[in-house]
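Remarks on the structure that follows.
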There are 2 protein chains.
Amino acid sequence: MDVLMQSLKIGINEKLYIKDPESSSLGKKIVEESILLIDEIGFEHFTFKKLGARINSNESSIYRYFENKHKLLLYLASWYWGWMEYRMVFDTNGISDPVEKLSKAIEVLTQNVEEDNAFSHINEVVLNKIIINEYSKSYLVKEVNDEDKNGYFIVCKRLVSRLSEMIVAVDKTYAYPLSLASTILEGTLHQYFLKEHFPMLTNCNENVTPTHFFTDLIFRTLNLNVNG
Amino acid sequence: MDVLMQSLKIGINEKLYIKDPESSSLGKKIVEESILLIDEIGFEHFTFKKLGARINSNESSIYRYFENKHKLLLYLASWYWGWMEYRMVFDTNGISDPVEKLSKAIEVLTQNVEEDNAFSHINEVVLNKIIINEYSKSYLVKEVNDEDKNGYFIVCKRLVSRLSEMIVAVDKTYAYPLSLASTILEGTLHQYFLKEHFPMLTNCNENVTPTHFFTDLIFRTLNLNVNG
DNA sequence: GAATATTGATAGTAATACTATTATTTTTGC
DNA sequence: GCAAAAATAATAGTATTACTATCAATATTC
């Protein structure tokens, strides 16, 4: 799993941190506990001072790793999308049939996240929760164009692009592969949010998952049979 | 248009404001200029102090209308969704064919917003821009469950519900009408955002609109012909 | 064991997000 | 047209946030 780990590390833009949090135990603790604290109190209430108190460290020490909490969120999001991308590529790698390949990709991207023990200091289940609740806040900012120029969103963009290509491989005539791919990724986060907080606005529940909904949607849209 | 105006006023939960901004010229100015200022500097940089300076009024006076900027955003969002709901109901009212009715609803909900002169102090075009950029921030908060209990999201919920019913009217066997409806509403905002800031992640541009994409998606998903 | 890097502690600043009080202006009712 | 009431403005003040700067204490490494 070392190769995986490295490939994921590569995905994170160096401008997102001042000092690489993977390079020290304090850095890892900052990442590890920030995920838990953001989940507990929400991104708006989260501060470096509170995080410092929680990990018995100092506010000023955290500022030596991340410029501000916004950059930390972008870092966590890059890690998350890099991890998703890796799993998608890994899990679809050997599949030659384009329909089966797309189907598997959708499954990986929309299914409930389970813990991955390859990364000891990152709790993927909780990270997924904060991506559902907070990811939009990382790009819905006035500075988005400049930040995009800095490459802060490159991992997520590459994921959409890859998924779009898989859609094209299934149906070259379909006119909206990019829009469909971005709708699936964003829509998945949204359906999980609705399931948790607005169950009346979704058909997803304990039995019906976003994977069911989006797999069905893709197959109907691209005019395929469920069995490939 | 007075009836319309009233019906839209009714839609806004009274708990969202301390004093009804429609009841005075200062209140209207607060709403009018807050839309423009949030659009200009973004919700994070927007403060009541800055708004006060802009309208030659006082921070403390604005606090007499709205508890904080979060409630103001919820107010603006309720107004927006109330206005969309009204237009959707109005424009689909006489249509008896369910397919044509759904098609018209999608059109109203996904098309580019144009100014509505019935509401002099609200610039719908700019309001639509801030909904695209800021709406998610109104519900992606830790307090969402309590706020929902207070009825702050009722207008948007009713809209999803209505759209879902129109989907059911077209295809009773389709298993995910709520998820499809919520995906369309949320996805429309997202596609407009991508079109503006991440054109590589969407097929929408000057010629292809979110209306094209979502109309096509709905028709394929519900197995209909484009001509009804 | 000295030099260097890292972390911690403390202090300080400007801005934010308010609340409270009092003064001034506007509105309304008679 | 004037008094009473309501609305708005001005000012001040508090706690928190989002940092920056400085210096002391601790690890690390050469």
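Chain letters run A, B, ... following the sequence lines, proteins first, then strands; residues in each count from 1.
Considering only residues two or more places apart in sequence or on other chains, B:Phe66 meets the ring-ring contact (aromatic ring centres under 6.0 Å, His included) condition with B:Tyr75. Partners of B:Lys157 according to the salt bridge (charged side-chain N to carboxylate O under 4.0 Å, His left out) rule, which considers only residues two or more places apart in sequence or in another chain, are B:Asp148. Remark: B:Lys69 engages no residue in a salt bridge (charged side-chain N to carboxylate O under 4.0 Å, His left out) (not counting sequence neighbours). Partners of A:Arg54 by side chain to side chain donor-acceptor pair (under 3.5 Å), not counting sequence neighbours, listed by chain and number: A:Glu33, A:Glu40. Applying the salt bridge (charged side-chain N to carboxylate O under 4.0 Å, His left out) criterion to A:Glu107, with sequence neighbours excluded, gives A:Lys104. With sequence neighbours excluded, no residue forms a side chain to side chain donor-acceptor pair (under 3.5 Å) with B:Asn203. Not counting sequence neighbours, the partners of A:Phe153 by the ring-ring contact (aromatic ring centres under 6.0 Å, His included) test are B:Phe198. Partners of A:Phe214 by ring-ring contact (aromatic ring centres under 6.0 Å, His included), not counting sequence neighbours: none found.
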Take B:Glu22 and B:His121 through the side chain to side chain donor-acceptor pair (under 3.5 Å) test and state the conclusion after the steps. CA-CA 10 Å; B:Glu22 294 287 329; B:His121 67 296; 3.0 Å; yes
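Checked for salt-bridge contact, B:Glu67 and B:Lys71 meet the test: a charged N lies under 4.0 Å from a carboxylate O. A salt bridge does not link A:Lys142 with B:Glu44: every distance from a Lys NZ or Arg NE/NH1/NH2 to an Asp or Glu carboxylate oxygen is 4.0 Å or more. Look at A:Lys137 and A:Glu134 and you find a salt bridge, because one of the NZ, NE, NH1 or NH2 atoms lies within 4.0 Å of a carboxylate O, short of that distance.
Boundaries of the chain B contact region on DNA chain D are D:dA7 to D:dT11, first to last in 5' to 3' order (nucleotide atom under 4.0 Å from a heavy atom). With a heavy-atom cut-off of 4.0 Å to chain B, the contacted part of DNA chain C has its first and last nucleotide at C:dT16 to C:dA20.
A heavy atom closer than 4.0 Å to some atom of DNA chain C occurs in A:Ser24, A:Leu26, these being the qualifying members of residues 24-44 of chain A. Near DNA chain C, meaning a heavy atom under 4.0 Å from it, residues 47-58 of chain A has A:Asn56, A:Ser57, A:Asn58 in order of number.
Side-chain polar atoms of B:Thr188 and B:Thr110 form no donor-acceptor pair below 3.5 angstrom.
Residues B:Lys19 and B:Glu59 both approach DNA chain D. Their nearest nucleotides, taken by heavy-atom distance, put B:Lys19 toward the 5′ side.
Heavy atoms of B:Tyr65 sit under 4.0 angstrom from primed sugar atoms or phosphate atoms, though from no base atom.
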